Trainee: 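Would you mind keeping the following structure in view while I ask a few things?
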Amino acid sequence: MNSGITAANGTIENPVILEMKGIDKRFQGVHALKKSHLELRKGEIHALVGENGAGKSTMMKVLTGIYQADEGEIIYNGEKVHFKNPKDAQTAGIAIVHQELNLMNHLTAAQNIFIGREGNSFFVTDDEINVKTRRLFERFKMKIDPTEKVGNLTVGKQQMVEIVKAISFDAKILILDEPTAALTKSEIVELFDVMNDLKAHGVTMIYISHRMDEIQTISDRITIMRDGEYVKTLVTKETNLDEIIKAMVGRVIYIEPKTGSNIPDSAPVVLEVRGLTSRDVHDVSFDLRKGEILGFAGLMGAGRTETARLIFGADPIDSGEIYKDGKKLKIKAPVDAVRAGIGYLSEDRKRFGLAVDLSVSDNTVLADLENFTRKGFIDDRKVRETCETYVQKINIKTPSISQLIRNLSGGNQQKVIVAKWIVRNCDVLIFDEPTRGIDVGAKSEIYKLMTLLAEEGKSIIMISSELQEILRMSDRVACMCEGRITKILNIEDASQEIIMKYATRRN
Amino acid sequence: MENLKRKFDLQQILAPAALVILYIFFCLFGKNFFSTGTLVSILDSTYYVGFMAFGITFIIITGGIDLSIGTNMMMSALIGGYLYTKGVNIWLVLGIVVLLATIVGWINGIFVAKLKLPPFIATLGTMMMTQGFGAIMTKVQTQRFPSGFDVDGLYKQIFYKTGDGFPSGIIYMLVFFVVAWVLLTKTRFGRYAYAIGSNEESVRLSGVNVSFWKIAVYTVCGFFCGLAAIVYAATYTTIIPGTGNGLEMNAIAAVIIGGTSMSGGIGTMSGTLIGAFLMSVLKTGLMSMGLQGHFQTFFTGLVVILAVLLDIYRTKKANAVRKD
Amino acid sequence: MENLKRKFDLQQILAPAALVILYIFFCLFGKNFFSTGTLVSILDSTYYVGFMAFGITFIIITGGIDLSIGTNMMMSALIGGYLYTKGVNIWLVLGIVVLLATIVGWINGIFVAKLKLPPFIATLGTMMMTQGFGAIMTKVQTQRFPSGFDVDGLYKQIFYKTGDGFPSGIIYMLVFFVVAWVLLTKTRFGRYAYAIGSNEESVRLSGVNVSFWKIAVYTVCGFFCGLAAIVYAATYTTIIPGTGNGLEMNAIAAVIIGGTSMSGGIGTMSGTLIGAFLMSVLKTGLMSMGLQGHFQTFFTGLVVILAVLLDIYRTKKANAVRKD
Amino acid sequence: AQDKPYIAIVSKGFQHQFWQVVHKGAQAAAEQYGVEISFDGPPTESDIAIQVDMLKSAIDKKPAAVALAALDTESVKEQLVSLKEAGIPVVGFDSGVPGAPEGSIYATASTDNKAAAALAAEHLFADERFSAKLAEATADAPLTVAVLSQDATSESIVSRTTGFIDKLVELAGENMTAVEGHDKYARANDAATLKIVVNVPATTSAADQKTGAEALLSLDPAAIYGSNENAAGGILAASNDGSDFDPEKGKFKDIIAIGFDAGKTQRTAVERGWFLGSVTQDPYQIGFKAVELAVNAIEGKAAESEIVDTGAKWYNAENLSDPAISELVYE
Ligand SMILES: Nc1ncnc2c1ncn2[C@@H]1O[C@H](COP(=O)(O)OP(=O)(O)OP(=O)(O)O)[C@@H](O)[C@H]1O
Ligand SMILES: Nc1ncnc2c1ncn2[C@@H]1O[C@H](COP(=O)(O)OP(=O)(O)OP(=O)(O)O)[C@@H](O)[C@H]1O
Ligand SMILES: [Mg+2]
Ligand SMILES: [Mg+2]
């Protein structure tokens, strides 16, 4: 990739520093890890891949003493170890950056990084840790004020604080569980520099990600897991994408870019956005045609989500107009947008997409309940029938429609949300990071679904940080940078390089 | 899923079981506990708590709280009594009572949904304000509703007890229990209450007018406080200013014992009903065992904690499921 | 960042300003309000609320709540008075009072941190239990501490007022205000309180023994209730069984007025102190204007709401920062 | 600021009609003697802290005199002393300030609660239905008299409860009686043919008073007595506003009910003969005399007597028609 880093050699012959043998872990109902296995060599960057729910995070949580394995043993520096809690692991030099952000928003960056390490004295002062933190930030060329409250940082910066926190244990082994899920390309490059720097200092790293390009860039070896089982370990340089994916999903999936769009320029314009402006979005204008998929590419913080939220009425608009089928819309709240037939699938399902305590069926009809009520009462039969049809139609994997949505896998949750908007028969759907944190298998299904919807004449805006995804799905690509649309490309003219150019153009 | 089912069935069975067991226990060890007389007084002391509990169940399911229910009830009753003594027609008075309470509920709703005040704080404020207001309005004087034999005594016969001592109040209460139950389980109102309690933002982003429905929930709770005020007036005739705070905790206790989660999204109306009865049985029962008043307070507290511990233990499994 | 800074400075200024303005207001319109006598009675009525408020500030900053502080204080005082009348040495009694309250706090901590009960529920339970327990222990008898003129009156001179009327209680309170302030701002205890209130899970994942510190927080709150009990006894001499519930709301109101957030992570001890004073000034002031007791209740409620509205308005911008 | 002398009146309550009448009396006296008064009281009779604070701020207003009905003497001792030092005279009213430090109280206008309660006991004993039953009662089948006592803390309630019990014991004979229910009054006696059961509800709230009354009624006693308006209210609430005591067709027709104080519902119950009768104080006089005493004190007159008994009357269906009685029985 354009980060231009290649895996350093020589680590593969290094001595084994850590070995997890026959790790078995059950949760109520779920057999998360089945006699799983992992071997680390000193100073290597070891990628851990697998579909959602493969057991990667659990494996790491066992290693760092957050969960206790039911069976199996961990051998670290040649001796058998057993970490009862995260502290044990830390003191043994094993640090982790968790998949989901875990920061205390009301505390400063320094306080966050050194929480639990204020020293043994009962009294604490910040002077010392502020200095230490500043040094750390400088070392990795990060522009963050140690005394800034973390709540005021952007997600990217917060992620960096997390990483610095983990590093600050000067750990022998550093675990990064999907650290890039919320990072921009440039931040990812920064991160990789940091990782290589650490590698040079002999730190061993486990790197979990769903992004194959990154894995191929940064890792020395790759361990693949499937359904809580160890599949195989590959040497990055000696393998290729297909082999990895095959091992992950047990089948081959090709992601080839779309060659051309079959949406005629004559196709009617469904959504027309003019001069949309707010604090973080400036004068955004574009048309969305019937049956088209308009990709929104850009670095994180480019303003794509914000644009979507503005169109959807989730955040207040400063100025600008929105026309639907030629009619001007007055959108003050999501209610208005939904009435106008616009649906929005948030980039953060858990927080903005789902009512987790509710069932699949409740979530499916949530946006359209008034049409499922007769004389003020909810028509349960109609609800059931509708839901069952959609469960079939877009094959949502769930034991029953009365299943609590929180028990579904990410991919299937995403499908339910899609169903929600189709039920509400919205003809403009905004997918924000539709495949974030979703495994390769589920991904391709979501892609199929989107294509299907487009063919049915729905118009789709797809915000994504994964360029292959953009290239594969879009008819046209809108590139955003710092809240502005810098260019709208036809798919024929688009390539990763070109998109990146516009996505980083400052104007 | 299984967990959920099991939990649900247990829910269905456990609470009523506890109620029955407790009743039998007191029948065996209490003095003249097993008698229609006692049964009736158990019902009597359930009415007003019950109504408040029904109302606040909706709110707690949305993940909110209302500390003002007790004082709201008293304030409405007070002002009602005041108007009655000023010669306003009794039925009109009752109407006004309900209206007043409903308005207070609506105000709570505005505070919470529009002004975005945390429910605890907003209703703590209105709790103090209603308590003060009622006293101020009535110049801190005890207000009296007509007793059963005054001209206007009829309303007591309807809402509390007929001349020949039939507890008509229970009918009044059950009718509105059904209303509450239907509201919660069969209507958009109820469905949104659960949804909001489960994840408010995602409901908003589903194009639901959340603040409208939240206001509705608090208003309905106010309405039920009004109904409570009527039955309170009918039962105790005399309304004393500056009282009412503390009652909210009884109602909340009933809701909790009934298995509704304080964090929202989970709860049933039947649970609340049973919780309310359970508390009355406990109260009357301990008295009949010759235990002085304060054992009630103590044991009610104990029951609240045990009930929830049991609940946690039961649903541990269900909760354990993936947080990530 | 700016917003935050600005907010913070405002915080610093606004509350004290309000306090002063209110005081001046009453000096102008109250009857002989501007007098050392009045000032002293303002202090007097602040003591016990203040101590409870200090204690619960820690808990609220962790995002918890303690409804049992009022009844806990009363229970400890009751049992203390009981022991005293049974002839136990006064100083020993005071020690036991504090110990009892601390134990109750510790129990709350266990319920919340170990048994994972929601704080609201756990402390609702202990609230009822302590209230009942105190009454049961003392056979529902009023308990009396020595008044200033009895042999053991000395303790009053220390904790409440010297013979020649100097309000020594204020010293007692300020000393422990400093203790509370140091605890909150300068120690790991306080740091973790903020951290837990801000994001408990991440504190746990950072290898901090969260439940230990949570228990500590509730225990400390209990300890402060004990201190409150002493000054309450010293001020009012007579302790009545079955009272104390409702007081918690005054303490909480003080904390809220002081700008501490119910959702945890944000709050200051000085804010709480000012909040407590503000309420006493309001109380005494309204009385001195010849307004019936219930105007206090009303206006306190109003102030709570206004205070928080103001806070929300002030921090709106700060909050606006990216939700996604 | 004021030219008229100012008298701060701190009562034990404010809500009950009783206090309203006291207030009236006080105002009347205030006009007659040309003084300014303020009248305030805590929300419930267990709010000692509130009363103390009220008294304090009353003192801070620099009154010419203070009239006080203390919830509890201990808690106000200190104020009494400072009042004495400040040379501000204090008069007691209603239950007054029993056991106050020497010379801190000028005089007290109050009902002798013990005596008043004794009235009730006497009339109960005089009732032939009751005496008949008592005659039949044996040690194995003793007769029960139930007493509902609002709380075990306020002086006046306690003395009204004791007054009633003691008189009953005196009339029935020490060795014939036992008292149980509440430790404060309890006195065991196996030979007892008359059992007096006292109940003190959890709180002073109407709901708990009712529950207490119900608990007592479920023992089917020969008689039940409520020792103040609130307790009587509990009995009324538990008996369908008293109608259950209807001697012909009432649910509790064999139970003799006796109240204390007045109030509309209670008055009706007495009028209709559901209650055997009730004892009323003379709240108007209490208020009037209180101010009168205060004025005397201000003018430096010596008090004639420590206590000015404002009297208490037994009223029942018969004598209610008599206006002299009727005017005492407030609605
Ligand atoms: N606390 C838990 N309770 C119950 N089940 C759990 C828990 N944590 C994980 N699981 C289950 O264990 C399995 C492995 O989960 P895990 O999070 O390790 O997968 P993953 O490989 O990290 O997936 P992703 O790529 O989405 O992070 C999943 O089926 C998950 O549902
Ligand atoms: N609710 C919000 N309040 C304040 N600032 C916001 C909010 N949402 C986004 N921002 C800011 O607006 C800018 C655009 O953020 P946005 O999330 O829209 O970018 P994006 O292109 O969606 O990138 P990503 O979705 O990967 O985060 C960022 O600087 C972000 O900090
Ligand atoms: Mg994971
Ligand atoms: Mg985005």
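All of these numbers come straight from a predicted model, not from anything done at the bench. Chain letters run A, B, ... following the sequence lines, proteins first, then strands; residues in each count from 1.
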Trainee: By a 4.5 Å heavy-atom criterion (distance strictly below it), what part of C/Thr142 contacts chain D: side chain, backbone, both, or neither?
Mentor: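 When you check distances to chain D, atoms from both the backbone and side chain of C/Thr142 fall under 4.5 Å.
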Trainee: Tell me, side chain or backbone of C/Phe34 under 4.5 Å from chain D's heavy atoms, or both, or neither?
Mentor: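 It is neither, since no heavy atom gets under 4.5 Å.
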Trainee: Can you tell me which portion of D/Val76 sits under 4.5 Å from chain C's heavy atoms? Options are side chain, backbone, both or neither.
Mentor: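 Neither part; nothing is under 4.5 Å.
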Trainee: Taking side chain as everything from C-beta outward and backbone as N, CA, C, O, which of these in C/Thr38 sits under 4.5 Å from a heavy atom of chain D? Side chain, backbone, both or neither.
Mentor: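 The answer is both parts of C/Thr38.
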Trainee: For D/Ser57, is it the side chain, the backbone, both or neither that has a heavy atom under 4.5 Å from a heavy atom of chain C?
Mentor: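 Just its side chain gets close to chain C.
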Trainee: May I ask you to check whether over 12 heavy atoms, not counting those of C/Phe277, lie within 6.0 Å of atom CZ?
Mentor: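 Result for CZ/C/Phe277: enclosed.
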Trainee: Apply side-chain contact (heavy atoms from CB on, under 4.5 Å) to the pair D/Lys56 and C/Asp44, showing each step before the final yes or no.
Mentor: CA-CA 10 Å; D/Lys56 279 186 186 152; C/Asp44 290 354; 3.1 Å; yes
Trainee: Quick one, D/Asp72 with C/Arg144, criterion side-chain contact (heavy atoms from CB on, under 4.5 Å). Give me CA distance, side-chain angles, the key distance, then yes/no.
Mentor: CA-CA 10 Å; D/Asp72 179 276; C/Arg144 297 210 171 66; 2.2 Å; yes
Trainee: To the closest 0.5 Å, what do you measure between CG (D/Asp47) and OG1 (C/Thr243)?
Mentor: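 If we round to the nearest 0.5 Å, D/Asp47:CG and C/Thr243:OG1 are 8.0 Å apart.
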Trainee: Among D/Ile59, D/Leu55, D/Val52, D/Asp60, which residue satisfies the side-chain contact (heavy atoms from CB on, under 4.5 Å) criterion with C/Ser41?
Mentor: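 The residue from D/Ile59, D/Leu55, D/Val52, D/Asp60 that satisfies side-chain contact (heavy atoms from CB on, under 4.5 Å) with C/Ser41 turns out to be D/Asp60.
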Trainee: Shortest non-hydrogen contact from D/Asp53 to C/Lys283?
Mentor: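 In this case the closest contact between D/Asp53 and C/Lys283 is OD2-NZ, 3.1 Å.
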Trainee: Going from CD1 on D/Ile50 to CD on C/Gln296, what distance comes out if it is rounded to the nearest 0.5 angstrom?
Mentor: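 Reported to 0.5 Å precision, the distance equals 7.5 Å.
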Trainee: How many angstroms lie between atom NZ of C/Lys156 and atom CD of D/Glu78, to the nearest 0.5 angstrom?
Mentor: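 Separation between the atoms: 5.5 Å.
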Trainee: Of the backbone (N, CA, C, O) and the side chain (C-beta and beyond), which part of C/Tyr232 lies under 4.5 Å from a heavy atom of chain D, both, or neither?
Mentor: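 The side chain, not the backbone.
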Trainee: Between atom OG1 of C/Thr238 and atom CG of D/Leu71, what is the distance when rounded to the nearest 0.5 Å?
Mentor: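 Answer rounded to 0.5 Å: 9.5 Å.
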Trainee: I need the minimum non-hydrogen distance between C/Ser288 and D/Lys61, along with the two atoms involved.
Mentor: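 What the structure gives for the nearest pair is CA-CE, 3.9 Å.
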